[in-house]
Q: 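What follows is a structure written as structure tokens; I'll ask about it next.
Residue numbers count from 1 along this sequence.
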Amino acid sequence: IGLPAGGEFAFIFVYMAVIYWVIRDFGPAAQAGFGLGTRLMQSIMLPAMAVAFATGPIAGQNFGAKLPARVRETFWSAVKFNLILMVALTLLCQIRPEWLILFFTKDPLVVETAAHFLRLISWNFTASGLVFVCSGIFQGLGHTWPALGSTATRVATFMLPAIWLSTLPGFAIDHVWYVSVASMWLQAAISLYLLSRTMKARLVA
């Protein structure tokens, strides 16, 4: 049960390594802006991750007690909470991402790069919240391989297009963020589909 969950973090390392590699030619300000934006994004995600981590034990207790309706209720409650939270944070990053960045740097080029990164990447906050919740429910059901599979799909659908785009003339750093958002929403769709199948198979009254 724990091995696939750990594997998800290993894929995150691969994802980050690919990004740093494809943006290496945009200069230190771009890499610093991306690094700062990523740390802020991870901080923004902490409330959603906290909800997802709490979802696993609650779903697991009710699954063990053979109360499938409560497992489903846990899923939908977590989804609603995360959707409200992620939409609010997306709006903040669309309107004033500089409010978050200026606490850490005053370098105008880094601020501009990080703010632009947050404006684009914030479109995947809602999808990330859905993925976190699905991962928590998978853990509660004792079946974590689908979560690892959806993460592997995201890494593949991001890594291959990003590397290919980096070899083309006219390659811009925005292309990396667009591919990232698209791959995140694809992962969310795959996670929801796999969770639906798992719940139908395991949540038998």
Side-chain angles (χ1 to χ4, degrees), residues 8-9 11-12 15-16 18-20 22-23 26 29-56 74-105 108-138 147 150-151 153-155 157-159 161-162 165 172-196:
E8 291 184 66
F9 289 98
F11 278 125
I12 292 174
Y15 167 80
M16 295 296 294
V18 170
I19 290 182
Y20 274 112
V22 298
I23 70 171
F26 290 100
Q31 294 202 349
F34 165 69
L36 176 56
T38 301
R39 294 296 176 265
L40 287 171
M41 182 182 68
Q42 290 172 346
S43 299
I44 288 170
M45 292 291 181
L46 285 177
M49 293 177 69
V51 172
F53 289 156
T55 300
T74 300
F75 169 73
W76 287 114
S77 296
V79 165
K80 291 173 186 176
F81 186 88
N82 263 353
L83 284 179
I84 293 171
L85 185 62
M86 291 293 99
V87 168
L89 291 172
T90 299
L91 290 175
L92 172 62
C93 289
Q94 291 299 313
I95 298 170
R96 284 291 183 271
E98 297 86 359
W99 288 351
L100 303 172
I101 299 163
L102 289 172
F103 284 106
F104 304 98
T105 182
L109 193 53
V110 174
V111 170
E112 180 184 356
T113 304
H116 187 61
F117 166 77
L118 285 176
R119 280 196 181 95
L120 292 180
I121 213 69
S122 63
W123 291 113
N124 73 14
F125 285 180
T126 301
S128 297
L130 292 173
V131 170
F132 291 149
V133 172
C134 289
S135 181
I137 297 294
F138 279 127
S150 72
T151 303
T153 301
R154 192 219 172 172
V155 170
T157 56
F158 167 78
M159 183 174 63
L165 287 170
I173 197 170
D174 285 3
H175 298 158
V176 181
W177 316 144
Y178 294 143
V179 173
S180 178
V181 171
S183 64
M184 187 76 249
W185 278 101
L186 178 61
Q187 181 187 0
I190 292 172
S191 293
L192 289 170
Y193 170 72
L194 294 175
L195 182 61
S196 175

Q: Is the closest side-chain heavy-atom distance between Ile173 and Phe34 below 4.5 Å?
A: no
Q: So how far is it from Met86 CE to Leu130 CG, rounded to the nearest 0.5 Å?
A: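 One gets 10.0 Å once the value is rounded to the nearest 0.5 Å.
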Q: Going by the rule ring pair (Phe, Tyr, Trp, His ring centres under 6.0 Å), which residues pair with Phe81 if we only count those two or more places apart in sequence or in a different chain?
A: none
Q: Would you indicate whether Glu112, at its atom CD, is surrounded by more than 12 heavy atoms from other residues, nucleotides or ligands within a distance under 6.0 Å?
A: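 No, CD of Glu112 has 12 or fewer neighbouring heavy atoms, counting only those of other groups under 6.0 Å.
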Q: What are the two closest heavy atoms between Ile23 and Ala30, and how far apart are they?
A: CD1-O, 4.5 Å
Q: Test of understanding: with side-chain contact (heavy atoms from CB on, under 4.5 Å), list the residues that count as partners of Ala162, not counting sequence neighbours.
A: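 side-chain contact (heavy atoms from CB on, under 4.5 Å) check on Ala162 returns Phe158.
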Q: Can you tell me if Ser191 uses its side chain to pair, donor with acceptor, with the backbone of Gln187 under 3.5 Å?
A: yes
Q: About how many Å separate CG of Asn124 and CG of Leu186, when rounded to the nearest 0.5 Å?
A: 12.5 Å
Q: Between atom CE of Met184 and atom OG1 of Thr157, what is the distance when rounded to the nearest 0.5 Å?
A: 9.5 Å
Q: Starting at CZ of Arg96, measure out to CG of Leu102 and round the result to the nearest 0.5 Å.
A: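 Those atoms lie 11.0 Å apart.
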Q: Hey, could you give me the CG/OG1 distance between Leu36 and Thr113, rounded to the nearest 0.5 Å?
A: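 Reported to 0.5 Å precision, the distance equals 10.0 Å.
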Q: Any donor and acceptor pair, going by atom type alone, linking the side chain of Ser77 with main-chain N or O of Thr74 inside 3.5 Å?
A: no
Q: Could you check if a side-chain atom of Phe132 sits within less than 4.5 angstrom of a side-chain atom of Met45, using non-hydrogen atoms only?
A: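 Touching, per the 4.5 Å side-chain cut-off.
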Q: Side chain of Thr90, backbone of Ser122: donor and acceptor closer than 3.5 Å?
A: yes
Q: Is there side-chain contact between Leu100 and Ile44, with heavy atoms separated by less than 4.5 Å?
A: yes
Q: Just do the side-chain contact (heavy atoms from CB on, under 4.5 Å) check on Thr38 and Ile19 with the steps written out, would you?
A: CA-CA 11 Å; Thr38 301; Ile19 290 182; over 6 Å; no
Q: Less than 4.5 Å apart, any side-chain heavy atom of Val51 and any of Leu85?
A: no
Q: So, for Gly33 and Ala114, which heavy atoms are closest and what is the spacing to 0.1 Å?
A: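 Heavy atoms only, the tightest pair is O-CB, 3.4 Å.
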Q: Using a 4.5 Å cut-off on heavy atoms from C-beta on, say whether the side chain of Tyr178 contacts that of Val181.
A: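 No. Closest side-chain heavy atoms not under 4.5 Å.
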Q: If every non-hydrogen atom of Ser43 is compared with every non-hydrogen atom of Pro47, which pair is closest and at what distance?
A: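 Shortest heavy-atom contact: O-CD, 3.8 Å.
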Q: Can a donor-acceptor pair be found, under 3.5 Å and without considering hydrogens, that links the side chain of Ser180 to the backbone of Val176?
A: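 Not at all, since once roles are kept as given, no pair shorter than 3.5 Å links the two residues.
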Q: Start with the C-alpha distance between Phe104 and Val110, add both sets of side-chain angles, then the distance that settles side-chain contact (heavy atoms from CB on, under 4.5 Å), and finish with yes or no.
A: CA-CA 10 Å; Phe104 304 98; Val110 174; over 6 Å; no
Q: Measure across Ala48 and Asn82 and return the closest heavy-atom pair with its distance rounded to 0.1 Å.
A: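 Heavy-atom minimum between the residues: CA-OD1, 3.3 Å.
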Q: Donor-acceptor pair, His175 side chain versus Ala172 backbone, under 3.5 Å?
A: yes
Q: If I compare all heavy atoms of Ala115 with all of Glu98, which pair ends up nearest, and what's the gap?
A: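 Of all heavy-atom pairs spanning Ala115 and Glu98, the closest is CB-OE2, 3.9 Å.
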Q: Run Trp177 and Asp174 through side-chain contact (heavy atoms from CB on, under 4.5 Å) and show every step you take.
A: CA-CA 5 Å; Trp177 316 144; Asp174 285 3; 4.0 Å; yes
Q: So do the side chains of Phe75 and Thr55 get within less than 4.5 Å of each other, counting heavy atoms only?
A: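 Phe75 does not reach Thr55 side chain to side chain.
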Q: Can a donor-acceptor pair be found between the side chains of Thr151 and Tyr15 at a distance below 3.5 Å?
A: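 No.
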Q: If you round to the nearest 0.5 Å, how far is CD of Gln94 from CH2 of Trp123?
A: 4.5 Å
Q: Kindly check if the number of other-residue, nucleotide or ligand heavy atoms within 6.0 Å of OH (Tyr20) is above 12?
A: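 Result for OH/Tyr20: enclosed.
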Q: Can you give me the closest heavy-atom contact between Ala188 and Val131, atom names plus distance?
A: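 Of all heavy-atom pairs spanning Ala188 and Val131, the closest is CA-CG2, 3.7 Å.
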